[in-house]
Structure formats: structure tokens, C-alpha cells
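Take a look at the structure set out below.
Both counts, for ligands and for their atoms, begin at 1 and track the order of listing.
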Amino acid sequence: MLRSLRDLATDAQFRGVGLGAFNVIHLEHATAFARAAERAGRPVVLQISENAVKYHGALEPLCLATMAIARAASVPISVHLDHAEDVDLVREAVSYGISSVMYDGSRLPDDQNRATTRDVVSLCHQAGVDVEAELGEVGGKNGVHDPAARTAPADAAQFVADTGVDLLAVAVGSSHAMTTRNAHLDEELIRAIRAAVTVPLVLHGSSGVSDDGMRGAIVAGMTKINVSTHLNKVFTGSVRASLARDPSLVDSRKWLGPARSVVEDEVLRLLQLYG
Ligand code: G3H
Ligand code: ZN
């Protein structure tokens, strides 16, 4: 069933658990994440990034298919546009009835980020769509790992007041696209931001965080946990092994299917860890 991100995240925040948010790059991801959520009996967020839209050349096919998978599931699922820098793409996603969007103005000058985020909130809220925004750029989107960015708690509170966002992504030591799980999160800072703002907090670049680090971050106050690279690594590892095992394979279902299954199992494990 398709549900509002605000509702899922607020409920998770209230219960002190993490809400898994996993990136859908192709349809196998969406079915694997939905099946894992059903097996776990837990809600999940299926998110499509602007980069995935660029890869497909369009938002509509993947977005509508992912929403159909969400509607058919027996657990609550939000479909979310991730890291949108293009406001026209936000408008398009809203027109499809998507649950929520992340407007990413983190690379803009601060005043422009606030002003554009406020405009995006206004256009989305008119359509009943929730908005996540980012304050303090989490590095690594362009392949540069800079875990040094930090969000100041008072600034976070002011940003939420200025923009009216429903969720806030903050920089607390993670970095995008890490293939090792050794990022060190600043739990004291997470606690301070948690105390300063009321909306659910979002951790980007969660692939670089160990299981223990993630448990600590959730206890400290993180709610929406965004994971992509780690699951791509699991998926690709399986594909590599399948093709190496049998060089005569032709039918793509024979190597995509096993990869989808191992990703489903890993997402089930992560959802149980977050809960
Ligand atoms: O928005 C998505 C994420 O922040 C995922 O980052 O690929 O480092 O797990 P990751
Ligand atoms: Zn991210």
C-alpha cells in the first residue's frame, strides 16, 4: 500500500526505530525491497534519484512501475524522488502522485537553498506531497569522499522553520558511495540536532556505516536511513559470481533473479537491524 513518507517517518521517529529507504535503479530493486519489507512486516521507502532518472532518460516508466509495486504490497511503502536538483522534475513527480520528494539544494548558496526549498515545499504541499531537504552537503555524489561536512543544530532548526520541510537530511560524518563500511558518525551531534528540531532526520550515504554504527545512529536520533551503494555491491557481486560460474548463461533472468534474491535477503537483514 502506498503511504505518505511523513506518516511513516513520524511513526518511526515516535517509536525510536529506523525507516529503511533504498534506491531503485531498475525494477529488480523495487520488487526485492517490497518483498523484503513484506517478509519483515515493516514499512519501507522506495526512492528514485535524479541520477537514476538520467540513466533511464525519463522518470515516468520507473516511477509508475515502482508505485504499482508499492500499491500491491501488503505493507506501507512510500515512493520518493531522491536528490532532485531540478524543480521541473519535482513538478513531474508530483503530477504522478508520488508520495514525497527530496529537493537537494545543498550545493546552492545558503540563501538560495532556503528560498528554493521553500518554493518546492509550497508546490508539493498543495498537492499533498511531503518534502525532504538537505542542510550541510553530504559529499561523495561526484566521487569525492568528504565526510568532514557538519550540520549545526541551531542552523538545522532555523532551516526547518524557514522552509517548512517535513524531513531534514543532515551531515554528521557519512559520505555517499562508500564501498567500505567504516564511516564514523558523530552521535553527539546527532543527539544535539535531534534535540533542536522536531521533524524526522535523514542519514544519507548510509552504505559506509557499519551495523553497530547504524544502531548507534538510530538510538541517537536518526530516522530515515538511505542506502544504495551497499545494495548495488551485493547485487553486482551476485551477478559476477553467476556469470563466472556458468559462462554459457544467456537468459538474463538466470543471473538477475539470483541477484534480486540476495538483495532481498540483505534488505530484510537491514530492516530487522533498524527495527
Ligand atoms: O540518497 C541516497 C543515499 O544517500 C545513498 O547513499 O549510496 O552511499 O548508500 P549510498
Ligand atoms: Zn543521498
What atoms in ligand 1 come closer than 4.0 Å to a heavy atom of Ser206? 9 (O)
Going by distance only, is there an N or O of [X] that falls short of 3.5 Å from an N or O of ligand 1?
{"X": "Val227", "answer": "no"}
{"X": "Leu203", "answer": "no"}
{"X": "His176", "answer": "yes"}
{"X": "Ser228", "answer": "yes"}

If you compare Ser174, Ser207, Ser175 by their heavy atoms, the one closest to atom 9 (O) of ligand 1 turns out to be Ser207
Would you tell me which option among Asn226, Asp82, Asp104, Thr229 has the nearest heavy-atom contact to atom 7 (O) of ligand 1? Thr229
Please confirm whether His83 approaches ligand 1 to less than 4.0 Å, judged on its heavy atoms. yes
Could you check atom 4 (O) of ligand 1 against the protein and tell me its nearest heavy-atom contact, residue, atom and distance included? Gly205 N, 2.9 Å
Please report which non-hydrogen protein atom sits nearest to atom 8 (O) of ligand 1, along with the residue it belongs to and the distance in Å to one decimal place. Ala177 N, 2.7 Å
Salt bridge between [X] and [Y], side-chain N to carboxylate O under 4.0 Å?
{"X": "Arg215", "Y": "Asp212", "result": "yes"}
{"X": "Arg42", "Y": "Asp11", "result": "no"}
{"X": "Glu266", "Y": "Arg269", "result": "yes"}
{"X": "Glu50", "Y": "Lys54", "result": "yes"}

Which is it for Asn23 and ligand 1 at heavy atoms under 4.0 Å: side chain, backbone, both or neither? side chain
Residue part near ligand 1, for Ala21, under 4.0 Å between non-hydrogen atoms: neither
Angle subtended at the Zn ion (ligand 2) by NE2 of His83 and ND1 of His204, to 10 degrees? 90°
Testing Leu8, Val44, Leu271 one by one against Leu19 for a side chain to side chain contact (heavy atoms under 4.5 Å, CB included), which residue passes? Leu8
If you apply the rule side-chain contact (heavy atoms from CB on, under 4.5 Å), what do you find for Leu123 with Val87, and how did you get there? CA-CA 10 Å; Leu123 86 89; Val87 178; 4.1 Å; yes
Are His29 and Phe235 close enough that their ring centres sit under 6.0 Å apart? yes
Shortest non-hydrogen contact from Leu89 toward Leu81: O-CD2, 3.9 Å
For a side-chain contact (heavy atoms from CB on, under 4.5 Å) check, start with the C-alpha distance between Tyr274 and Val227, then their side-chain angles and the critical distance, and finish with the verdict. CA-CA 12 Å; Tyr274 302 163; Val227 183; 3.3 Å; yes
